[in-house]
Enquirer: 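Mind looking over this structure? Questions follow.
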Amino acid sequence: MRRAGTVHVVGAGLAGLSAAVRLAAAGVPVALCESAGQAGGRCRSYHDARLGCEIDNGNHLVLSGNRSALGYLRLVGAEDALVAQPAARFPFVDLGSGARWSVAMNDGPVPFWLARASTRVPGTRPADYAALLRLARASVHATVADVLRPGGPLWRGFVEPMCVAVMNAPPARASARLLWAALAETFLRGGRFARPMLAPRGLGSAFVEPALAFLRGRGAELRFNTGLRGLETAGGQVTALAFADARVALGPADRVILALPPARLAPLLPGLRLPGEGGAILNAHFRLAPGVAAGLAPILGVLSANVQWVFTRGDIVSITISAAEESPLMAAPEHDALPTLWDEARRALGLPATCAPEAARIVKEKRATADQSPEGAAARPAARTPLANLFLAGDAIDTGLPATIEAAIRSGETAARLAAAPVRELEATHD
Ligand SMILES: Cc1cc2nc3c(=O)[nH]c(=O)nc-3n(C[C@H](O)[C@H](O)[C@H](O)COP(=O)(O)OP(=O)(O)OC[C@H]3O[C@@H](n4cnc5c(N)ncnc54)[C@H](O)[C@@H]3O)c2cc1C
């Protein structure tokens with residue numbers, strides 16, 4: 001028998017986990033259901049038989065200014081599971097010219113790093129960076145390429161790679177407003193807020209397992225392989241949840257949070273305006289012989305190549321191609337794409353031509369993020385819905401941020417706050 005006032009959270013990606021842990025921490029009864037056999041959604045770890053080790057579905061980068069992500073980790077007791085790099089330093093290599101450089105920001109809000117040519121993108125002047133501030137005044141209809149003039153060393157060496165990485169969309173498609181929101185919380189506050197934070201033991205150990213342990217410890221009900229099929233509604237409320245093998249009737253004080261991406265929300269809430277499909281992300285993972293990867297940079301940006309970023313974690317070198325629908329390698333068979341990708345990663349890392357991986361695997365996420373164009377951003381739904389006891393969470397809910405870990409976790413915080421509010425308060429504020 002469930003307690004009255006249970007919040008049913010549907011979807012155990014980071015948005016659902018974020019909502020669930022906030023509610024559980026506040027003493028609210030939580031029932032979390034997930035259609036897959038494991039939690040984590042698009043941010044998960046799993047054992048890969050070919051590589052013979054646990055890998056992440058894709059490289060994920062969090063920055064030290066991502067306050068919701070860090071607050072979530074603190075709440076579930078996993079703050080040590082993400083390790084901040086000692087400085088906001090982003091090494092790059094251009095495989096065309098062979099040039100290597102680092103964007104290396106100082107910690108404070110005044111960008112002294114722009115004064116030194118050695119810490120800027122080569123060929124740029126300090127004044128070039130002021131153009132980034134134009135994003136702050138961008139219209140809701142503008143793309144990044146509408147606001148910042150394409151071409152030139154700053155564009156090629158910073159704007160384009162950062163835009164593709166953060167937005168999973170090229171500048172000609174990415175919403176200027178969304179990119180600004182991400183920059184304003186991180187890079188533009190100074191290096192202290194832009195340090196790369198990586199999970200040395202993987203995404204699952206950082207974001208997923210501690211949250212599940214936290215929920216179990218607070219008596220939350222967790223159900224896997226339990227996909228929501230439909231909602232029954234009456235009188236402006238959700239009255240029951242329909243699963244393949246069960247119908248769960250809701251009491252008057254019960255609430256529901258759907259923490260699902262747009263493609264999964266659409267069949268449950270027909271008529272709700274939602275962003276369409278967005279970019280794909282291709283990751284390739286290479287397992288090197290023990291010790292070969294020791295001392296390599298944990299993160300490296302790559303220009304003039306298919307590969308955009310190389311991440312090194314233990315013996316695994318992983319490459320990322322965001323907005324991968326634009327890459328010819330997305331459609332190529334794995335046995336054709338892997339040698340090209342390894343050759344680029346190896347050269348980027350400065351490894352000898354004789355260095356070959358012991359095993360390799362490509363992981364393609366076709367629906368990595370929803371449409372992040374200005375049109376997609378305008379179609380994002382709010383956390384509140386016309387149904388008084390139903391709230392939405394997920395990286396494509398209108399948080400103002402691009403679809404990232406930070407957005408997913410923040411959306412969960414908001415949905416939890418709304419779902420925990422007393423019924424009268426909700427009625428008074430519902431618009
Ligand atoms: C390869 C890749 C790389 C990325 N890199 C970064 C990065 O570097 N930095 C960053 O910040 N972000 C990155 N992201 C984005 C980040 O992973 C997502 O924004 C975030 O994980 C989304 O979480 P979510 O909870 O909103 O959605 P999801 O993770 O999609 O969670 C939704 C959950 O709901 C479940 N579900 C679906 N339908 C139902 C149903 N009917 N009933 C019950 N459960 C259901 C799904 O199985 C899933 O577990 C990346 C994403 C990918 C794919």
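Note that these values count all heavy atoms, side chains included, but never hydrogens, waters or copies made by symmetry. Since we're looking at a predicted model, the values are computed, not measured. Counting convention: from 1, in listed order, for ligands and their atoms alike.
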Enquirer: Taking salt bridge (Lys or Arg N to Asp or Glu O under 4.0 Å) as the criterion, tell me which of Arg313, Arg42, Arg201 meets it with Asp56.
Expert: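 Running salt bridge (Lys or Arg N to Asp or Glu O under 4.0 Å) over Arg313, Arg42, Arg201 with Asp56 returns exactly one hit, Arg313.
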
Enquirer: Please confirm whether the ring centroid of Tyr129 lies under 6.0 Å from the ring centroid of Phe187.
Expert: no

Enquirer: I need the nearest protein heavy-atom contact for atom 25 (O) of ligand 1: residue, atom name and distance, please.
Expert: Ala15 N, 2.9 Å

Enquirer: Could you tell me whether the side chains of Thr399 and Arg410 share a donor-acceptor contact shorter than 3.5 Å?
Expert: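 Absent: no donor and acceptor within the cut-off.
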
Enquirer: Tell me the contacting part of Asp395 for ligand 1: side chain, backbone, both, or neither, using a 4.0 Å heavy-atom threshold, strictly below.
Expert: both

Enquirer: Out of Ala259, Gly58, Gly279, whose heavy atom is nearest to atom 32 (C) of ligand 1?
Expert: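 It is Ala259 that holds the nearest heavy atom.
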
Enquirer: Of the protein's non-hydrogen atoms, which lies at the shortest distance from atom 49 (O) of ligand 1, and what is that distance?
Expert: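 Going atom by atom, the protein heavy atom closest to atom 49 (O) of ligand 1 ends up being Glu34 OE1, 2.6 Å.
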
Enquirer: Any chance the side chains of Glu365 and Asn57 put a donor and an acceptor closer than 3.5 Å?
Expert: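 Checked: Glu365/Asn57 side chains pair up, N/O donor to acceptor below 3.5 Å.
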
Enquirer: Would you say Ala408 has any N or O atom under 3.5 Å from an N or O of ligand 1, going by distance alone?
Expert: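 No.
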
Enquirer: Select the closest option to atom 52 (C) of ligand 1 among Ile281, Thr320, Leu32, judged by heavy-atom distance.
Expert: Ile281

Enquirer: Strictly by modelled atom types, are Asp254 and Asn389 linked by a side-chain donor-acceptor pair under 3.5 Å?
Expert: no

Enquirer: Would Pro261 count as a polar contact of ligand 1, with the cut-off being nitrogen or oxygen pairs under 3.5 Å?
Expert: no

Enquirer: Side chain, backbone, both or neither: which part of Asn66 comes within less than 4.0 Å of ligand 1 when only heavy atoms are counted?
Expert: neither

Enquirer: Any nitrogen or oxygen of Ile405, side chain or backbone, less than 3.5 Å from one on ligand 1?
Expert: yes

Enquirer: Between the candidates His60, Lys364, Arg223, Lys366, which shows the shortest non-hydrogen contact distance to atom 6 (C) of ligand 1?
Expert: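 Checking each option, the heavy atom nearest atom 6 (C) of ligand 1 is found in His60.
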
Enquirer: Are Trp101 and Phe90 close enough that their ring centres sit under 6.0 Å apart?
Expert: no

Enquirer: So is Arg264 polar-close to ligand 1, meaning N/O to N/O under 3.5 Å?
Expert: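 No; the residue has no nitrogen or oxygen that sits under 3.5 Å from a nitrogen or oxygen of the ligand.
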
Enquirer: Could you check whether atom CZ of Arg264 has more than 12 heavy atoms from other residues, nucleotides or ligands sitting under 6.0 Å from it?
Expert: no

Enquirer: If we only count N/O pairs under 3.5 Å, is Gln38 in contact with ligand 1?
Expert: no

Enquirer: Arg287 and side-chain contact (heavy atoms from CB on, under 4.5 Å): which single residue from Leu51, Ile55, Val292, Asp48 fits?
Expert: Leu51

Enquirer: Atom 27 (O) of ligand 1: which protein heavy atom is closest, and how many Å away?
Expert: Arg42 NH2, 2.8 Å

Enquirer: Please classify the Ala403 to ligand 1 contact at 4.0 Å (heavy-atom distances, strictly less than): side chain, backbone, both or neither.
Expert: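 Contact part for Ala403 vs ligand 1: backbone (N, CA, C, O).
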
Enquirer: Below 3.5 angstrom, do we get any N/O pair linking Thr369 and ligand 1?
Expert: no

Enquirer: Considering only heavy atoms, does Val10 approach ligand 1 within less than 4.0 Å through its side chain, its backbone, both, or neither?
Expert: side chain

Enquirer: Any chance the side chains of Arg384 and Thr414 put a donor and an acceptor closer than 3.5 Å?
Expert: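 No.
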
Enquirer: Would you say Glu413 and Ser18 are linked by a side-chain donor-acceptor pair, where the criterion is simply a distance under 3.5 Å?
Expert: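 Result is no, nothing qualifies.
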
